[in-house]
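Structure, as C-alpha cells:
Ligands are counted one by one from 1 in listed order, and the atoms in each one are counted from 1 as well. As the structure is a computational prediction, the values presented were derived from the model and not from experiment.
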Amino acid sequence: MLPVVSAQDIRDAEQAWFDAHPGGDLMAVAADAVARAAAELVSMLAWYSEPPTPRGGADSAEGPTVVLVVAGPGNNAGDALFALAGLPDLLPDTELDLVVWPCAGSTHADGLAAAKGVGARTVDADAALSLAARAALVLDGVSGLGGRPGLEPAVLAVADACRAHRTPVLAVDLPSGLVADSHEAHACFTADLTVTFIAHKPAHVLAPASGHCGEVRLVDLGVAAPTSDLQLVEESDCAAWYPTPDASSDKYSRGVVGIDTGTDDYPGAAVLGVAGALWSGAGMVRYAGPWRPADLVLAAHPSVVVPVDPADPGRVQAWVCGSGWPGPDAERLARRVADDVPVVVDAGALGALPDALPAQSILTPHAGELARLLDVERAAVEADPLTHARRAARQTGATVLLKGASQFAVDPDGTALLALPGTAWTATAGSGDVLAGIVGTFLAAGLPAARAAVLGASLQAATARAVRAAPIPPERLAEQLGVIIAHWGDSLRP
Ligand SMILES: NC(=O)C1=CN([C@@H]2O[C@H](COP(=O)(O)OP(=O)(O)OC[C@H]3O[C@@H](n4cnc5c(N)ncnc54)[C@H](O)[C@@H]3O)[C@@H](O)[C@H]2O)[C@@H](O)CC1
C-alpha cells in the first residue's frame, strides 16, 4: 500500500529533510527524474514514428524535436526548467529545439538561466499555442503543490491544444489546474505521464482529477513519505490478500456465503450476486431468498445450495443482503443479522439498518445511498466523498465501501483503503449486485472487512480493465474474475 498525502504534509516532510540536510538540493533530484522521464518519452515517440520524427501536426515531419516548457512562477517551473536543461545530455543524438513560455511573465530565475545555458529560447503565448500543436513533448510546469484551481485563458488554450493534437504532456508533480488535495477536475492539463515526488497526493488517485494524470510515476527524492490514513492499494496487496486455497482447504474452510437478495419482482439481483460469489472463489453458496429468484439461481448455478426453508438455511460465514430489495426490509435483514456473522449490507437493506451490525460487517452504498444514509444532499457527498464515507463508518460502526469511479473502504476509525482503479464500463445496472457477492466471498473466507471490501472492488475493477474498452454485462464480467485471480497468483510465484 502507498500513502496518499496532503500537500501540507509533503511540504512538512520536505522541510524536515532540509533541516536534516542543510544546503541539500531536492530540486536537482526532482529535475533529474523529470529529465529522464522526458527523454524516455521523446525517444519512445521518435522510435514509434515513421519516419522517425516527432508526433504532432503536419509541419512536424521536418526540423528539430521541439520540447516546450510551460513555466509558471514557482518551484514547479524550476523542476521543469532544470529538467529541460538536462535533456541535451540525455538525448545527444537528437536535434532539440528547447522552448520556454513563461506564462506568468516571470519564472524560476535559476531554472530559466540553466535552460538558456543549453540553448533554450523563450516565446510568447501565441508562439506557445502554435508549438503546442506540433511539439514532441510539452512539459507542464505551471504549478504543482502550490496550484490553485483552473488555468488562465492563454494557458488553458495551450492545454486544450495539446489535447486536440494529442501532443504528449509530461506534468511535473501534478497536471496544472488541479489542486493537489482535491479530487475535482478543474480546467487543467491532461498528462500522459505525471512525475510526482515523495508520495501520491489525492488528485493523483481520486477520480475525476486522477483521470488527467495519465501514468503516475513516483520518485521518492530520498525523503521518507509521511504516514496517512488514506492508503492506495496496489496489485501486490491484492495478490497477497486473495484467499488462495491449499491442500488443507475444503468448502467450509474456504467460506460459505449466504445470499439473501432478490425478490420476485427483482430476481436478477440474486443471480448476479451469486455469480459474483461463485466466480470470486466461494467454498459454497447458500441462497436463501424467495422462490422465483431461487429457481433462477439454481438454473444458472446448479452448485448453489437452496434450503427448502429460507429461514433455516444452514451455517454460513457471511451474509449478503439487500441487492434487489425494492426498499428497506428491517425484518428480512434482522433475520440475517441474528446469525452474528459479518453481513454485506447492500441497496435496499441500507435503509433498514439495525442499531448494531455484527462485527466486520460492510455497507456498500453508492453516493446517492450514502447521502440518504447521512440525510445530506447527494451533491455534498460528491463534493467530498471520503469525509462522508468516514462519517457513515463512524456513525454505524461498520466498514463502508463507497462505490463509484473511486472506491474506498473506510473503517469506523477513519482509515481508508482506495481500491485499484477500474473503468467507466462497469457503471451498469447489476455491477453492484455482483460486487456484493464478491465481497461476501472474501468476508466468508475470514478477511477483515476493509480488506474484503477493497479486494472485492479491486478484483472487479481490474477485471474490467483487463477486458479493455468494451461494454460487458456484469454477469459476463463476473465470469472473467478468474483471469485476474490467476494473474495475481502468478505474480506471487518466485
Ligand atoms: N519544496 C521543495 O523543496 C521542492 C519542491 N519541488 C517543486 O516545487 C513545487 C512547489 O513549488 P511552489 O511552492 O513554488 O508552488 P508551485 O510552483 O506549485 O505554484 C506556486 C506558484 O504558481 C502560481 N499558480 C498556482 N496555481 C496556478 C494556476 N492554476 N495558474 C497559474 N499560476 C498558478 C502561484 O501564484 C504561485 O506563484 C512542487 O510541486 C514541486 O514541483 C520539487 O523541486 C521538490 C522539492
Side-chain angles (χ1 to χ4, degrees), residues 5-38 69-86 100-112 114-115 125 128 138-160 169-182 184-191 193-204 209 212-213 216-226:
V5 174
S6 71
Q8 187 55 51
D9 283 352
I10 294 286
R11 289 193 191 279
D12 290 347
E14 284 170 352
Q15 193 52 54
W17 188 92
F18 282 123
D19 292 346
H21 302 82
D25 189 356
L26 284 181
M27 189 174 281
V29 188
D32 182 62
V34 173
R36 285 173 196 284
V69 172
V70 185
N75 288 332
N76 192 246
D79 292 348
L81 291 165
F82 280 116
L84 192 72
V100 178
W101 174 36
C103 64
S106 63
T107 186
H108 193 278
D110 291 348
L112 184 60
V138 169
L139 281 178
D140 161 20
V142 180
S143 64
L145 282 185
R148 58 172 183 266
L151 296 172
E152 300 297 326
V155 181
L156 185 57
V158 169
D160 288 344
V169 173
L170 190 166
V172 180
D173 208 0
L174 193 70
S176 301
L178 298 181
V179 177
D181 291 346
S182 168
E184 284 180 71
H186 306 282
C188 65
F189 277 87
T190 299
L193 175 66
T194 296
V195 178
T196 192
F197 313 116
I198 304 175
H200 291 81
K201 292 90 195 171
H204 293 126
H212 291 278
C213 296
V216 179
R217 191 172 297 178
L218 180 62
V219 181
D220 67 20
L221 302 184
V223 178

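Going from atom NE2 of His200 over to atom OG1 of Thr194 covers 9.5 Å, rounded to the nearest 0.5 Å. Distance check, rounded to the nearest 0.5 Å: CZ of Arg217 to CG of Leu170 gives 8.0 Å.
By the 4.5 Å heavy-atom criterion applied to side chains, Asp79 and Met27 are counted as neighbours. Between Val34 and Leu139, the closest side-chain pair of non-hydrogen atoms falls below 4.5 Å. The shortest side-chain heavy-atom distance between Val219 and Thr196 does not fall under the 4.5 Å cut-off.
Between Leu145 and ligand 1, a contact under 3.5 Å exists for at least one N or O pair. Inclusion of Glu152 in the set of residues having an N or O under 3.5 Å from an N or O of ligand 1 is not warranted. Ligand 1 has a nitrogen or oxygen under 3.5 angstrom from a nitrogen or oxygen of Gly146. For ligand 1, one of its N or O atoms has an N or O atom of Gly144 under 3.5 Å away.
Closest heavy-atom approach to atom 14 (O) of ligand 1 within the set Val29, Asn75, Leu174: this belongs to Asn75. In this structure, of Arg11, Lys201, Glu14, the residue bringing a heavy atom nearest to atom 2 (C) of ligand 1 is Glu14.
Residue pairs meeting the salt bridge (Lys or Arg N to Asp or Glu O under 4.0 Å) criterion with at least one member in residues 18-31: none, sequence neighbours excluded.
Side-chain contact, Ser176 with Asp140: a donor N or O sits under 3.5 Å from an acceptor N or O.
Counting only heavy atoms of the protein, atom 17 (O) of ligand 1 lies nearest to Asn76 N, 3.0 Å. Among all protein heavy atoms, the one lying closest to atom 43 (O) of ligand 1 is Asp79 OD1, 2.4 Å. Scanning the protein for heavy atoms near atom 3 (O) of ligand 1, the closest one is Phe18 CE1, 3.1 Å. Residue, atom and distance of the protein heavy atom nearest to atom 31 (C) of ligand 1 are Val142 CG1, 3.7 Å.
Side-chain N or O atoms of Ser143 include none that pairs as donor or acceptor with a backbone N or O of Gly146 at under 3.5 Å. Side-chain atoms of Thr190 never come within 3.5 Å of backbone atoms of His212 as a donor-acceptor pair (strictly under, hydrogens ignored).
The closest approach between Ser176 and ligand 1 stays at or above 4.0 Å for every heavy atom of the residue. By the 4.0 Å heavy-atom criterion, Arg148 is counted among the residues contacting ligand 1. Remark: distances from the non-hydrogen atoms of Gly147 to ligand 1 include one below 4.0 Å.
Each of the following atoms of ligand 1 lies closer than 4.0 Å to a heavy atom of Asp173: 38 (C), 39 (O), 40 (C), 41 (O). For ligand 1 and Leu26, the ligand atoms under 4.0 Å from any heavy atom of the residue are 45 (C). Near Pro73, meaning under 4.0 Å from any of its heavy atoms, are these atoms of ligand 1: 21 (C), 22 (O), 23 (C), 36 (C), 37 (O). Which parts of ligand 1 touch Gly150 is read off a 4.0 Å heavy-atom cut-off, strictly below it: atoms 28 (C), 29 (N).
Checking each of Pro202, Cys213, Pro149 against Leu178 for a side-chain contact (heavy atoms from CB on, under 4.5 Å) leaves exactly one that passes, namely Cys213.
Checked against salt bridge (Lys or Arg N to Asp or Glu O under 4.0 Å), Arg148 has the following partners two or more places apart in sequence or in another chain: Glu152.
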